[in-house]
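As structure tokens, the structure follows; a few thoughts come after it.
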Amino acid sequence: MHWADFAAQKLSEREGPQVVVSGITPSGEFHIGHLREILSAEMIHRACLDFGLESRYVFIVDSMDPLRRVYDFLSPSYESYIGVPLANIPAPGEDGEPDPEGGSYAEFFLRPFLGALKQIGVEPEVIMNHETYQNGEFAEMIDLAITNRDEIHGIIESVSGRDLPEDWFPYSPLGSNGSLDGVKVTGYDRPFVHWIDGQGIEGKSDIRLAEGKLPWRIDWAARWAIHSVTCEPAGKDHGAAGGSYDTGIPICELLGGNPPEKMVYEWIQLKGMGPMSSSAGVTIGPMEALSIVPPEILRYVIARSKMNRHIEFDTGAMMFLTADEYERLVSNPPNEEEGMSKRKRISVKTRRGAMRFSQVSRDSDPSDSVGGVSFRHLSMLAQIKSDDDGVWSSLRRSGHLPGEPSTSLRSRLEKMRSWIGGGHFPEGSRIIIQSEVGEEAESQIDEDSRSFLELLAQRLESCDWDEDSIGETVRSSASDSGLGNRQAYVSLYLVILGRDYGPRISSLMAEMDRESLIGVISSI
RNA sequence: GGGCCUGUAGCUUAGUCAGGUAGAGCACCGGGCUUUUAACCCGGUGGCCGGGGGUUCGAAUCCCCCCGGGCCCUCCA
């Protein structure tokens with residue numbers, strides 16, 4: 001059984017409509033790792049619907065979270081915004097300076113992310129957390145947290161094992177400069193929390209407005225209660241024992257809520273580079289990924305892995321494997337059969353689930369999403385054929401394409417071209433035509449092959465310059481010089497590509513200019 | 001220091017929750033397609049399931065110990 005189906009089955013034991021939630025702080029550019037947060041929850045939401053449960057999928061944006069520090073992409077002038085909620089800070093412009101025209105910092109980073117989500121078929125209900133503060137929905141929770149300060153204090157200390165400071169208070173008011181930093185609470189008189197900030201200025205915050213916020217561990221628990229959250233998969237950072245999930249559950253209960261069950265997912269790592277980190281420049285944005293990877297494949301990357309396993313993401317060789325695996329799965333889905341062992345049965349169900357959850361729209365037929373060609377083959381054609389029609393006719397000839405290319409195939413080619421054109425394409429898959437024969441290649445070419453190449457160069461002078469004629473010329477030259485086809489091709493690959501293997505060579509040769517091709521071949 | 005997750009063929013992994021003869025893909029090797037050598041089809045090699053102990057008729061699966069990797073206990077998906 002797929003993990004999303006399993007989660008839905010567990011959730012069916014709970015009363016009421018399901019509210020499946022993701023939460024992310026828009027502190028900077030979103031990266032591919034955030035997609036796991038989103039898709040883990042969204043797939044469970046879909047599984048609930050498939051299970052016949054009533055379900056909503058909600059994306060809570062932590063827009064009330066403060067700016068923690070001045071990130072590398074920000075100008076030093078953001079120093080004055082440290083501690084200020086992201087919803088109240090101007091977005092950075094091109095130069096990293098605050099841009100008065102750019103809207104809020106939170107919105108600025110959120111907008112393109114939502115666009116990317118739409119492309120992968122995710123359209124959540126978006127809740128900006130600062131609005132939930134602003135419209136008073138947090139007020140009751142804040143009051144409860146303050147009046148139960150000692151209990152909450154005890155929960156956090158005993159569950160997380162850390163010591164809270166003497167003056168700990170379960171509510172952080174904004175000071176006179178709009179920052180949470182350095183503000184001390186001096187008293188509570190519902191609905192006002194009185195404080196004195198770092199400059200010694202005194203004031204009060206109305207808990208019915210966004211004039212302060214709950215600290216993270218309480219904020220999270222409170223929103224579970226406010227929005228009746230039934231499921232929220234969290235990153236392993238929150239999931240560790242004593243982490244915010246563990247404190248959130250009893251705090252949520254104390255606040256009168258029915259918390260979701262703990263559910264934790266592992267992180268996505270970039271191959272060989274450790275975890276995602278925007279500050280270290282180790283990042284691939286969802287938009288960037290979508291420009292080179294078809295959306296259903298991106299979903300499949302998440303759907304095929306169990307939640308508690310790392311995902312090694314890379315846009316190189318791994319992408320070919322994953323994409324081709326998806327093609328095979330969809331074009332030949334596994335079926336349950338008589339006499340299958342229990343584990344095989346489970347495996348079939350899991351793989352069918354992964355296929356179902358990879359679809360961009362929930363009720364679409366998976367078979368509409370395949371290209372009918374492996375990524376590997378398409379990458380070769382895209383490199384050899386500069387125009388799309390050349391690719392289609394080649395695919396028709398090879399029997400991959402019965403008629404006109406489907407929308408999904410067209411989009412595959414488009415993304416393939418941008419993949420090849422950018423820096424993420426694996427060098428080993430790149431086709432590089434040699435301008436002269438390298439020493440290493442030369443040493444691998446024996447006498448028989450040389451005479452074949454000589455003959456071939458001669459015949460290429462006069463043959464028609466199209467794929468079929470060239471192919472025929474290669475074969476006839478091989479047989480006339482008494483060389484096996486295999487050896488003939490190997491020597492050709494060595495001369496043209498500098499390697500002993502490659503794509504269909506006649507297509508490649510036809511794309512080359514006659515003079516230069518003959519020049520390279522004769523140079524041996 | 002305390003705790004969570006993880007370790008299955010060269011690589012990516014299924015199967016672990018509900019114990020019952022180790023499954024798959026890639027790679028590799030071989031064969032076929034009498035014009036496709038990174039296409040396509042068929043077949044094959046390859047695993048004391050991290051190590052050790054225990055429970056059981058039976059353990060990758062349950063329990064204990066150890067080793068390696070990741071993470072949390074301040075913010076991080």
Side-chain angles (χ1 to χ4, degrees), chain A residues 1 6 10 22-25 27-28 30-41 62 65-66 68-69 156 159-163 215-216 233-247 262 264-269 274-279 304-312 317-318 320-322 324-325 328-329 334 340-351 354 373-381 383 394-395 397-400 428-429 431 467-468 470-472 474-476 484-490 492-493 497 499-507:
Chain A
M1 188 179 244
F6 184 76
K10 281 286 277 273
S22 298
I24 303 177
T25 307
S27 56
F30 285 81
H31 54 66
I32 201 91
H34 292 116
L35 240 34
R36 192 165 201 182
E37 164 83 21
I38 296 288
L39 286 174
S40 297
D62 292 325
D65 282 21
R68 310 250 173 229
R69 59 188 173 84
I156 293 178
V159 176
S160 77
R162 68 187 232 235
D163 292 320
W216 163 243
K236 65 166 166 183
D237 46 341
H238 296 308
S244 43
Y245 225 122
D246 286 354
T247 50
K262 183 171 176 178
V264 176
Y265 62 85
E266 256 291 349
W267 284 6
I268 293 181
Q269 322 225 148
M276 299 277 165
S277 158
S278 6
S279 57
R304 71 191 284 272
S305 300
K306 295 197 301 188
M307 271 198 176
N308 58 6
R309 297 195 83 105
H310 291 283
I311 292 178
E312 292 271 346
M318 189 55 110
F320 279 116
L321 294 178
T322 311
D324 288 346
E325 181 180 302
R328 272 193 309 273
L329 177 63
M340 252 185 183
S341 66
K342 187 178 117 195
R343 10 179 133 141
K344 276 198 149 183
R345 241 172 248 282
I346 291 172
S347 162
V348 166
K349 278 191 183 150
T350 306
R351 292 174 37 154
V373 203
S374 74
F375 257 49
R376 210 159 268 288
H377 191 53
L378 191 63
S379 84
M380 164 191 93
L381 293 178
Q383 288 180 84
S394 170
L395 285 173
R397 229 183 358 259
S398 58
H400 287 98
S429 301
I431 293 171
E467 247 182 85
D468 290 348
I470 294 173
E472 184 50 43
V474 171
R475 280 185 296 279
S476 72
N485 270 2
R486 187 182 190 88
Q487 208 184 334
Y489 278 111
V490 165
L492 255 186
Y493 283 118
L497 297 178
R499 300 186 269 214
D500 60 1
Y501 64 95
R504 186 187 190 190
I505 198 73
S506 52
S507 329

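Naming: A, B, ... by sequence-line order, numbering from 1 per chain.
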Taking the side chain as C-beta and beyond, is there a heavy-atom pair between [X] and [Y] under 4.5 Å?
{"X": "Leu329(A)", "Y": "Pro334(A)", "result": "yes"}
{"X": "Ile311(A)", "Y": "Arg36(A)", "result": "yes"}
{"X": "Asp62(A)", "Y": "Ile24(A)", "result": "no"}
{"X": "Val373(A)", "Y": "Leu395(A)", "result": "yes"}
{"X": "Lys236(A)", "Y": "Trp267(A)", "result": "yes"}
{"X": "Pro233(A)", "Y": "Glu37(A)", "result": "no"}
{"X": "Lys262(A)", "Y": "Asp246(A)", "result": "yes"}
{"X": "Pro66(A)", "Y": "Arg68(A)", "result": "yes"}

Please classify the nucleic acid contact of [X] as base, sugar-phosphate, or nothing, using heavy-atom distances under 4.0 Å.
{"X": "Arg68(A)", "result": "sugar-phosphate"}
{"X": "Ile431(A)", "result": "base"}
{"X": "Thr322(A)", "result": "nothing"}
{"X": "Phe6(A)", "result": "base"}

From the set [options], return the single nucleotide nearest to any side-chain atom of [X].
{"X": "Ser160(A)", "options": "G15(B), C73(B), U16(B)", "answer": "C73(B)"}
{"X": "Ile346(A)", "options": "U6(B), G25(B), G15(B)", "answer": "G15(B)"}
{"X": "His238(A)", "options": "U16(B), C76(B), C5(B)", "answer": "C76(B)"}
{"X": "Lys306(A)", "options": "G15(B), C73(B), U12(B)", "answer": "G15(B)"}
{"X": "Tyr489(A)", "options": "G7(B), U37(B), C26(B)", "answer": "U37(B)"}
{"X": "Trp216(A)", "options": "C76(B), U35(B), A24(B)", "answer": "C76(B)"}
{"X": "Asp237(A)", "options": "C72(B), G15(B), U37(B)", "answer": "C72(B)"}
{"X": "Arg351(A)", "options": "G25(B), C71(B), A24(B)", "answer": "A24(B)"}
{"X": "Lys236(A)", "options": "C71(B), G15(B), C5(B)", "answer": "C71(B)"}

Is Lys349(A) atom NZ crowded by more than 12 heavy atoms from other residues, nucleotides or ligands, each under 6.0 Å away?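 No, not enclosed.
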
Under a 3.5 Å limit for both distances, which nucleotide forms a Watson-Crick or G-U wobble pair with [N], could you say?
{"N": "G68(B)", "result": "U6(B)"}
{"N": "A60(B)", "result": "none"}
{"N": "G43(B)", "result": "C29(B)"}
{"N": "U12(B)", "result": "A24(B)"}

Between [atom2] on [N] and [atom1] on [X], what's the gap in Å once rounded to a whole number?
{"X": "Asp163(A)", "N": "G1(B)", "atom1": "CG", "atom2": "P", "answer": "19 Å"}
{"X": "Arg345(A)", "N": "G20(B)", "atom1": "CZ", "atom2": "P", "answer": "14 Å"}
{"X": "His310(A)", "N": "C4(B)", "atom1": "NE2", "atom2": "P", "answer": "17 Å"}
{"X": "Arg36(A)", "N": "C5(B)", "atom1": "CZ", "atom2": "P", "answer": "16 Å"}
{"X": "Ile24(A)", "N": "C76(B)", "atom1": "CD1", "atom2": "P", "answer": "12 Å"}
{"X": "Ile268(A)", "N": "U12(B)", "atom1": "CD1", "atom2": "C1'", "answer": "15 Å"}
{"X": "Glu266(A)", "N": "U12(B)", "atom1": "CD", "atom2": "P", "answer": "15 Å"}
{"X": "Leu395(A)", "N": "U36(B)", "atom1": "CG", "atom2": "C1'", "answer": "13 Å"}

Mark up nucleotides 39-44 of chain B, 5' to 3', with B wherever a protein heavy atom is under 4.0 angstrom from a base atom, S wherever such an atom reaches only the sugar-phosphate, and - elsewhere. S-----

Say you pick atom [atom1] in [N] and the same atom in [M]; how far apart are they, in whole Å?
{"N": "C71(B)", "M": "G19(B)", "atom1": "C1'", "answer": "30 Å"}
{"N": "C62(B)", "M": "G20(B)", "atom1": "P", "answer": "11 Å"}
{"N": "U13(B)", "M": "G52(B)", "atom1": "P", "answer": "24 Å"}
{"N": "C41(B)", "M": "G46(B)", "atom1": "C1'", "answer": "23 Å"}
{"N": "A9(B)", "M": "A14(B)", "atom1": "C1'", "answer": "13 Å"}
{"N": "G10(B)", "M": "C29(B)", "atom1": "C1'", "answer": "14 Å"}
{"N": "C26(B)", "M": "U45(B)", "atom1": "C1'", "answer": "15 Å"}
{"N": "A22(B)", "M": "C48(B)", "atom1": "P", "answer": "13 Å"}

Anything under 30° is parallel, anything over 60° is perpendicular, the rest tilted; go ahead and classify Phe320(A) against Phe375(A).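 Correct class here is perpendicular.
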
Phosphate OP1/OP2 of A14(B) contacted by Arg309(A) side-chain N/O (<4.0 Å): yes

Any Asn308(A) side-chain N or O less than 4.0 Å from OP1/OP2 of U6(B):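 Checking Asn308(A) against U6(B): at least one side-chain N or O falls below 4.0 Å of OP1 or OP2.
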
Backbone N or O of Ile431(A) within a donor-acceptor pair of the Gln383(A) side chain at under 3.5 Å?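 Yes.
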
Verify, without hydrogens or angle tests, whether His34(A) (side chain) and His31(A) (backbone) share a donor-acceptor contact under 3.5 angstrom. yes

salt_bridge(Arg304(A), Glu325(A)) N-O dist < 4.0 Å: yes

Residue pair Glu325(A)/Leu497(A) against RNA chain B: nearer the 5' end by closest nucleotide is Glu325(A)

Show the distances under 3.5 angstrom between N or O atoms of the protein and N or O atoms of nucleotides 28-31 of chain B.
none

